[in-house]
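Computation of the quantities below employed the complete heavy-atom set of this structure, encompassing side-chain atoms and omitting hydrogens, waters and symmetry-equivalent molecules. Letters A, B, ... are given to chains in the order of the sequence lines, protein chains preceding strands, and every chain is numbered from 1. Because the structure is a prediction, the values reported are computed rather than measured.
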Protein chains: 2
Amino acid sequence: MNPFATHFESLEEFADRVSELLQCPITIEDANHRLIAYSGHEHYTDPARTATIIHRRVPERVINSLWREGVIPKLLQGEEPVRVAEISEVGLGNRIAISIWKNKEVLGFIWAIEMNKPWTEQQFHLLKQAAKAAKNLLLQLQIRKHKKEERIQEFFWKLLTGHVSSPHDIVEQCHQLNVHVYPFFSVGIFQFQQQIQTQVERQIDYLLKTTQQLAIPLYTIDHQRLIVLVAPSSNVYGESHIERFFRSFMTQMKERFRVDIMMGAFGNVYECYTKIAKSYEEAQTVLKMKRAFPHQLANIQSYQHLGMYQFFDLLFEQKRHGDFHNVALEKLKQYDAQHHTNLVETIETYLDCDSNVNETAKTLNIHPNTLAYRLKRISEIGNIDLSNMSEKVKLYIDMKLDKYRTT
Amino acid sequence: MNPFATHFESLEEFADRVSELLQCPITIEDANHRLIAYSGHEHYTDPARTATIIHRRVPERVINSLWREGVIPKLLQGEEPVRVAEISEVGLGNRIAISIWKNKEVLGFIWAIEMNKPWTEQQFHLLKQAAKAAKNLLLQLQIRKHKKEERIQEFFWKLLTGHVSSPHDIVEQCHQLNVHVYPFFSVGIFQFQQQIQTQVERQIDYLLKTTQQLAIPLYTIDHQRLIVLVAPSSNVYGESHIERFFRSFMTQMKERFRVDIMMGAFGNVYECYTKIAKSYEEAQTVLKMKRAFPHQLANIQSYQHLGMYQFFDLLFEQKRHGDFHNVALEKLKQYDAQHHTNLVETIETYLDCDSNVNETAKTLNIHPNTLAYRLKRISEIGNIDLSNMSEKVKLYIDMKLDKYRTT
DNA sequence: CAAGCTTTTGTGGATTTCCACAAAAGCTAT
DNA sequence: ATAGCTTTTGTGGAAATCCACAAAAGCTTG
């Protein structure tokens, strides 16, 4: 006989019922570790559960340690209950957890705290029945969610493409769609190796929903790209927070799901939501430049740190009109061609290395004095003053623009 | 009785007549020291005269030494003959010279070589009569010239403003107007302190016609500006030749005529005459930037050496659209305002000094360690990697663009 | 192949930069 | 005024840079 074969008014009622039967506190989460319901009976509760209930989601450090311990992977693999030994660093007591399935998809989890004595077979059996029963209750939630999701997606694309009216209207619509408005935001893009499949979509959703490093009020997926609206909590360190989140997102996608992300990029942090399109464009520029200069920009993610490459599209356009041709560079190229030398490569590396002699010499595998000699020749042949910042800048940009052309 | 009161078929005939009467070689030049006529009698001739006749103009070094010796100023001051002692460095023997006047204007000069014995009063008197007689002969030459000049001026303005057809047509017209076509050229501009008066125009004409450092096939005057088409003899060192010419032109205007030229600038060296308009624009850009950055560009004359400032008009235009706003710079400015520090000035000077610690510290009158400390703070506050060329470039350009805005 | 050029590498010493540490001076807020 | 912060200046030693000079190696050309 199934003790859950009745109708439940709410998930809370269901949680209470499970708690009653198992004689322990019960927490029900969705697939992204957001709190859905919890039992209210007076039992002992560990700090992790308290925090989960207060913030309506499982703290990220708890999730992380559950991944590290292999608990979540096990839950995602099968329908069997998993016993979790105490993890005192994150305030987690002894637990029993089980995943809630619909077909091949995990809808959520039920967590029980293992009180004083070990569970009996009977209790495990009850928990499995509870997980089956929870399925239908969760499904109803999901359907409601999906409809809203679609409208939100459409709204996000409007923002990204600049099809928006006034700031006031944006805020209005956010409220209608129940999207929280944050004071600062930036648009980020993750470029994946391949088209993003449904399976990966779910994993992305999981990571974005569980992260607590910053808020992600909106996101969407487009072919090989994941586009996110990120909202750092502070303006001053906003950028470094986003930076950190991007790195951790990419490593987690790799470590947890074996999904490689080629690169991530994000635009400037703005306040007014009408600037979303701009931030999005900036993020796209970063991706474009990273493709053109993979080596130099390997560690760059933000438009802010794109440095002079911010100008490149503009300058390149002008250069195509035949402007800015650099006599010095042409002379060096000609000399290289005629004498089988490497003056252009030398000066480019030298500037890449921020005019650091030792570093440059090492990179080029030459003696520092050889470098000094070459630099002397370069300034002679190209008629360049290498201790003049403005001339160096011109030369550097022109060389990089040359490379940009060939990509 | 006036021995020159007859009709002369040509200036050569006149020169021969003078030579006969004075018993010495005679050379007649226009106001710009171009050879107009010379006597053909067999007399001793000094090397300076030989060179003058062969090249159809007085060699520049001879002109320069005549200025240095004060001969030419004296000739320009009055109508009296001037005795010139031998200047052996330039191959000039003992000479007598006199200027040819029309109203207050010098039309040219008559040069006589003083043979073995000193001249008699009688000879000086004859020379003065000859100078008077030469006036009418020279005037006829001038009228013919002026008409041609006007058509050339119009042609030059067409070239400068890009109202030209094909390269072939240009060459065609040059031939018609008797303007020599050179393989390389650049357009230069001199910016004068005031509107250029007729008096100064004549002095400009004088210097341009007498220089032999490079060819000046065309020039024109426009309010406070003198615009020249300069043709260096070589492509490789063309630029430095133009540079040298510009400097000497400016010092000579000042030293010889007390005329101050604010600055000079010239565009790139091109081969095809259709690029005249472009070179002209480049020269204008140099002037514009020199006005905006008088300190940094004090010694810059060529578009080539304008370095990164070449980009500024373009970048500035984009910046006005609100692009490229530099968070790092804004943070530094804010910090400066709040804490009464000089971080922005410090980093700007540091970059001006090509990241040279000692030089920067001296310029700012601070201890090198103070500079090091400030740089550390700058990289912290602005979140800038000061050993990354690209970031430095971005910051530098943004700071200079800021300054550009305020001019 | 020999002469004359450019290029690379080496040596040594003066100068500059970098870094860590510390004292002193200046500013701000309680 | 005092405590706590930032900023400036000082000291000294390790490391890097700069410079002059020279030997050796590599190319080009007659």
Side-chain angles (χ1 to χ4, degrees), chain A residues 234 236-237 328-389 391-393 395-396, chain B residues 234 236-237 328-389 391-393 395-396:
Chain A
S234 116
V236 185
Y237 299 110
L329 186 52
E330 276 156 23
K331 281 182 186 163
L332 290 179
K333 276 185 195 167
Q334 198 187 330
Y335 193 92
D336 273 353
Q338 279 178 2
H339 299 82
H340 313 293
T341 46
N342 305 306
L343 299 186
V344 174
E345 187 199 1
T346 302
I347 185 65
E348 185 172 356
T349 310
Y350 178 67
L351 294 177
D352 276 338
C353 295
D354 189 45
S355 309
N356 182 310
V357 174
N358 255 339
E359 199 184 332
T360 313
K362 262 176 210 150
T363 313
L364 292 172
N365 285 317
I366 56 174
H367 195 279
N369 284 359
T370 305
L371 177 60
Y373 172 75
R374 287 193 192 168
L375 291 176
K376 191 171 70 90
R377 295 291 286 142
I378 285 165
S379 76
E380 283 166 6
I381 292 164
N383 189 17
I384 309 165
D385 178 3
L386 282 179
S387 62
N388 177 322
M389 182 68 179
E391 289 207 30
K392 289 200 318 197
V393 167
L395 184 62
Y396 193 52
Chain B
S234 117
V236 186
Y237 299 110
L329 186 52
E330 276 156 24
K331 282 183 185 161
L332 290 178
K333 276 186 195 167
Q334 197 186 331
Y335 193 92
D336 272 354
Q338 278 179 2
H339 299 81
H340 313 292
T341 46
N342 304 306
L343 299 186
V344 174
E345 187 199 1
T346 302
I347 184 65
E348 185 173 356
T349 310
Y350 178 67
L351 294 178
D352 275 340
C353 295
D354 189 44
S355 308
N356 181 312
V357 173
N358 256 338
E359 199 184 332
T360 314
K362 263 176 208 149
T363 312
L364 292 172
N365 285 318
I366 56 173
H367 194 278
N369 283 0
T370 305
L371 177 60
Y373 172 75
R374 286 193 192 167
L375 290 175
K376 190 171 71 90
R377 295 290 287 142
I378 285 165
S379 77
E380 283 167 6
I381 293 165
N383 188 17
I384 309 166
D385 178 4
L386 282 179
S387 62
N388 177 323
M389 182 69 178
E391 289 208 30
K392 290 200 317 196
V393 167
L395 184 63
Y396 194 52

| request: Working to the nearest 0.5 Å, report the span between CD1 of B:I366 and CZ of B:R374. | output: 4.0 Å
| Roughly how far, to the nearest 0.5 Å, is the CG atom of B:N365 from the OG1 atom of B:T360? | 12.0 Å
| End-to-end axis angle, where each axis spans five pairs of the helix from C:dC1-D:dG30 to C:dT30-D:dA1, to 10° | 40°
| field | Exercise: identify the closest heavy-atom pair between A:V344 and A:D336 | value | N-OD2, 3.0 Å
| query | After noting the C-alpha distance and the side-chain angles of A:K331 and A:Y335, does the key distance pass the side chain to side chain contact (heavy atoms under 4.5 Å, CB included) rule? | reply | CA-CA 6 Å; A:K331 281 182 186 163; A:Y335 193 92; over 6 Å; no
| message | I'd like to check the ring pair (Phe, Tyr, Trp, His ring centres under 6.0 Å) partners of B:Y396; sequence neighbours left out, ordered by chain and number. | response | none
| query | Mind checking whether B:K392 and B:L386 have side chains closer than 4.5 Å, heavy atoms only? | reply | yes
| task | Mark yes or no for whether A:N342, through its side chain, and A:E345, through its backbone, hold a donor-acceptor pair below 3.5 Å. | result | no
| said: What residues from residues 367-385 of chain A pass a heavy-atom cutoff of under 4.0 Å to DNA chain C? | reply: A:H367, A:N369, A:T370, A:Y373, A:R374, A:R377
| query | In terms of side-chain geometry, is the basic nitrogen of B:K333 or B:E330 positioned less than 4.0 Å from the acidic oxygen of its partner? | reply | no
| So which of residues 338-359 of chain A are in contact with DNA chain C, with a heavy-atom cut-off of under 4.0 Å? | A:T341
| field | Considering all heavy atoms, the nearest A:G382-A:L332 contact | value | N-CD2, 4.2 Å
| query | Where do B:L371 and B:A361 come nearest, in terms of heavy atoms and distance? | reply | CD2-N, 4.0 Å
| said: Under the rule for salt bridge (charged side-chain N to carboxylate O under 4.0 Å, His left out), what residues qualify as partners of A:K362, not counting sequence neighbours? | reply: none
| Atom pair OG (A:S387) and CG (A:L375), whose distance is rounded to the nearest 0.5 Å | 11.5 Å
| Taking any atom under 4.0 angstrom from a heavy atom of chain A, which nucleotides of DNA chain D are the first and last to qualify, 5' to 3'? | D:dA16 to D:dA20
